[in-house]
Amino acid sequence: MAALYSTSSCFCGSLDSYPVHKSVKLGHGKVRDSGFYFPHRFQCATPKLHVQAKALSVDGLPEIMDSSLVVCFGEMLIDFVPTISGLSLAEAPAFKKAPGGAPANVAVGIARLGGSSAFIGKVGEDEFGYMLADILKENNVNNEGMRFDPGARTALAFVTLRSDGEREFMFYRNPSADMLLQENELDFDLITKATIFHYGSISLITEPCKSAHIAAAKVAKDAGVVLSYDPNLRLPLWPSAESARKGILSIWDTADIIKVSEEEICFLTQGEDPYNDAVVRKLFHPNLKLLLVTEGADGCRYYTQEFSGKVKGLKVEAVDTTGAGDAFVAGTLSQLASDLSLIQDEDRLRNALKFSNVCGALTVTERGAIPALPTREAVVNALLKTVA
């Protein structure tokens with residue numbers, strides 16, 4: 001998979017040196033309607049937790065339905081990943097160019113698993129921006145909601161890989177195009193057609209994207225779309241730790257589904273034990289349907305209003321952990337979009353989360369986020385091996 005969208009390349013020269021196309025208007029021109037058709041469904045102000053028909057595929061997991069659209073909102077960028085782990089950015093001899101950005105990763109992850117997804121966000125009117133739009137289309141992600149800024153570049157992130165596969169980021173976005181998405185550029189029709197609307201917190205950092213984010217989520221909520229939130233904490237992008245904590249929590253109580261890591265729990269609770277259920281329950285607001293806590297190779301924990309528990313992960317040799325959490329989210333949302341009643345059935349939810357854990361595990365075995373996202377077939381085969 002990595003060979004499809006990643007090429008080993010040395011990065012040199014000015015960050016402003018790549019050409020800009022002047023012929024493309026925002027949202028039109030070179031990047032056209034993907035041709036996807038999403039049937040109109042009656043919208044109501046109640047979250048769509050009861051309208052999905054139950055169906056099981058031959059592998060025992062919920063069958064992916066064409067109408068179960070997940071719309072992902074936020075940033076899409078280029079990750080430059082060192083070809084050799086354990087070196088600093090200055091020491092790395094070369095970098096592998098890989099498309100990324102958490103919401104975009106989730107959108108592609110869902111499509112790879114056979115689901116229906118769309119991406120809404122802004123990239124630069126430049127070669128990287130066009131490349132990212134094409135990658136979404138090639139991966140069967142609806143890119144109608146993408147916009148292209150003629151005055152700002154597509155965001156870049158250089159990722160340092162430690163010897164254990166964990167990473168640190170250095171971002172180039174001052175400002176990047178994703179930060180400049182405006183409310184009047186949103187595709188509200190696409191948003192209201194969704195079963196689930198998924199987003200992170202990076203789009204809350206600066207205006208005008210912050211206002212666009214809040215407006216999009218409100219329209220989705222009012223249409224009865226289920227809201228899914230992965231804060232995806234990136235402290236270097238926020239003015240301060242306190243502003244990050246305040247910003248992330250500012251929209252906490254509107255989400256129906258939240259996924260966090262143990263590190264994010266520790267951050268949000270200002271140092272409390274993320275493995276203490278009582279601490280986690282402090283983050284469970286009255287309208288929340290499902291809270292998921294990812295623990296990397298150890299799997300995940302789940303919390304609903306009625307029950308909670310833990311699902312073990314799949315042990316693999318980590319090469320690059322970039323995108324693992326996004327793959328987990330994609331695995332979860334691809335199943336919930338087809339059958340939201342999973343949240344109310346603990347046995348079926350646990351089976352769904354086993355699938356999600358494997359999605360995350362397989363992703364860390366390759367470099368880059370989008371190139372490493374697994375297909376449904378790969379996940380099912382890995383699951384079968386665990387019970388063989």
Side-chain angles (χ1 to χ4, degrees), residues 1-19 74-109 111-112 119 121 123-124 126-139 141 153-173 176-178 202 232 234 236-237 296-297 316-330 359-375 378:
M1 284 188 289
L4 283 175
Y5 305 122
S6 293
T7 56
S8 294
S9 58
C10 292
F11 184 88
C12 57
S14 168
L15 291 173
D16 294 322
S17 63
Y18 51 93
E75 69 280 1
M76 189 174 191
L77 47 83
I78 303 290
D79 289 329
F80 284 93
V81 184
T83 54
I84 299 176
S85 299
L87 299 178
S88 68
L89 292 177
E91 296 169 329
F95 296 88
K96 180 178 288 188
K97 180 181 65 178
N105 294 343
V106 173
V108 173
R112 287 263 177 91
F119 175 76
V123 293
D126 52 48
E127 290 299 323
F128 283 151
Y130 296 132
M131 184 192 86
L132 293 174
D134 287 343
I135 285 172
L136 289 180
K137 190 170 183 179
E138 290 163 9
N139 281 279
V141 176
R153 301 295 191 185
T154 299
L156 307 179
F158 285 81
V159 186
T160 303
L161 293 178
R162 301 201 308 251
S163 56
D164 61 358
E166 287 295 333
R167 71 267 192 248
E168 298 172 354
F169 294 86
M170 182 169 71
F171 294 91
Y172 285 80
R173 56 193 307 266
S176 54
D178 60 288
I202 290 175
N232 193 38
R234 294 289 180 266
L237 297 179
V316 296
E317 186 173 342
V319 174
D320 177 9
T321 60
T322 306
D326 303 326
F328 173 89
V329 172
C359 290
L362 294 181
T363 301
V364 308
T365 61
E366 294 189 38
R367 295 183 190 278
I370 286 178
L373 294 169
T375 63

> Applying side chain to side chain donor-acceptor pair (under 3.5 Å), name anything that partners Asp79, two or more places apart in sequence or on another chain.
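By the side chain to side chain donor-acceptor pair (under 3.5 Å) rule, Asp79 matches no residue at all.
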> Is there a side-chain contact between Glu127 and Thr154 (heavy atoms, below 4.5 Å)?
no
> At their closest point, which heavy atom of Asn139 faces which heavy atom of Arg112, and how far apart are they?
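Taking every non-hydrogen atom into account, OD1-NE, 2.9 Å.
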> What heavy-atom pair brings Ala369 and Gly323 nearest, and what distance separates the two atoms?
CB-CA, 4.0 Å
> To the nearest 0.5 Å, what is the distance between CD1 (Ile84) and CZ (Arg367)?
8.0 Å
> For residues Pro99 and Leu132, report the shortest heavy-atom separation together with the two atoms involved.
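Nearest heavy atoms, Pro99 then Leu132: CB-CD2, 3.5 Å.
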> Distance check, rounded to the nearest 0.5 Å: Phe169 atom CZ versus Thr322 atom OG1?
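Here the interatomic distance stands at 5.0 Å.
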> Below 4.5 Å, heavy atoms only, C-beta onward: do Asp178 and Met76 meet side chain to side chain?
no
> How close do Glu366 and Pro371 get, heavy atom to heavy atom, and via which atoms?
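In this case the closest contact between Glu366 and Pro371 is OE1-O, 4.0 Å.
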> Just to verify, what does Ala297 make a side-chain contact (heavy atoms from CB on, under 4.5 Å) with, not counting sequence neighbours?
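Result, side-chain contact (heavy atoms from CB on, under 4.5 Å) vs Ala297: Lys315.
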> Quick check: closest heavy atoms across Val141 and Ala111, and the distance to 0.1 Å?
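So the two residues come closest at CG2-CB, 3.9 Å.
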> Which heavy-atom pair separates Ala107 from Phe119 by the least distance, and what is that distance?
CB-CB, 4.5 Å
> Do Pro103 and Glu75 come within less than 4.5 Å of each other through their side chains, counting heavy atoms only?
yes
> Would you compute the distance between atom CZ of Phe80 and atom CG of Leu89 and round it to the nearest 0.5 angstrom?
12.0 Å
> Closer than 3.5 angstrom, by distance alone: can the side chain of Thr363 be matched with the main-chain N or O of Cys359 as a donor-acceptor pair?
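Pair found, side chain donor or acceptor close to backbone of Cys359.
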> How far apart are the C-alpha atoms of Thr160 and Met170, what are their side-chain angles, what is the distance that settles it, and do they pass the side-chain contact (heavy atoms from CB on, under 4.5 Å) test?
CA-CA 8 Å; Thr160 303; Met170 182 169 71; over 6 Å; no
> Check whether Asp126 reaches the backbone of Phe128 with its side chain - one donor and one acceptor, N or O, closer than 3.5 Å.
yes
> I'd like to know whether Leu77 forms a side-chain contact (heavy atoms from CB on, under 4.5 Å) with Arg173, so could you lay out the CA-CA distance, the side-chain angles of the two residues, the decisive distance to 0.1 Å, and finally the verdict.
CA-CA 10 Å; Leu77 47 83; Arg173 56 193 307 266; 5.8 Å; no
> Does any part of the side chain of Pro93, heavy atoms only, come nearer than 4.5 Å to the side chain of Pro82, both counted from C-beta?
no
> Please list, chain by chain and in numerical order, all residues satisfying side chain to side chain donor-acceptor pair (under 3.5 Å) with Glu91, sequence neighbours excluded.
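Result, side chain to side chain donor-acceptor pair (under 3.5 Å) vs Glu91: Ser88.
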> Given side-chain contact (heavy atoms from CB on, under 4.5 Å), test Phe171 with Arg234 step by step and report yes or no.
CA-CA 10 Å; Phe171 294 91; Arg234 294 289 180 266; 4.0 Å; yes
> Determine, step by step, whether Ile78 and Lys97 satisfy the side-chain contact (heavy atoms from CB on, under 4.5 Å) criterion, reporting the C-alpha distance in whole Å, the side-chain angles of both residues, the deciding distance to 0.1 Å, and the verdict.
CA-CA 7 Å; Ile78 303 290; Lys97 180 181 65 178; 3.6 Å; yes
> Hey, what do you get for CG (Asp326) to CG (Leu373), rounding to the nearest 0.5 Å?
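Answer rounded to 0.5 Å: 7.5 Å.
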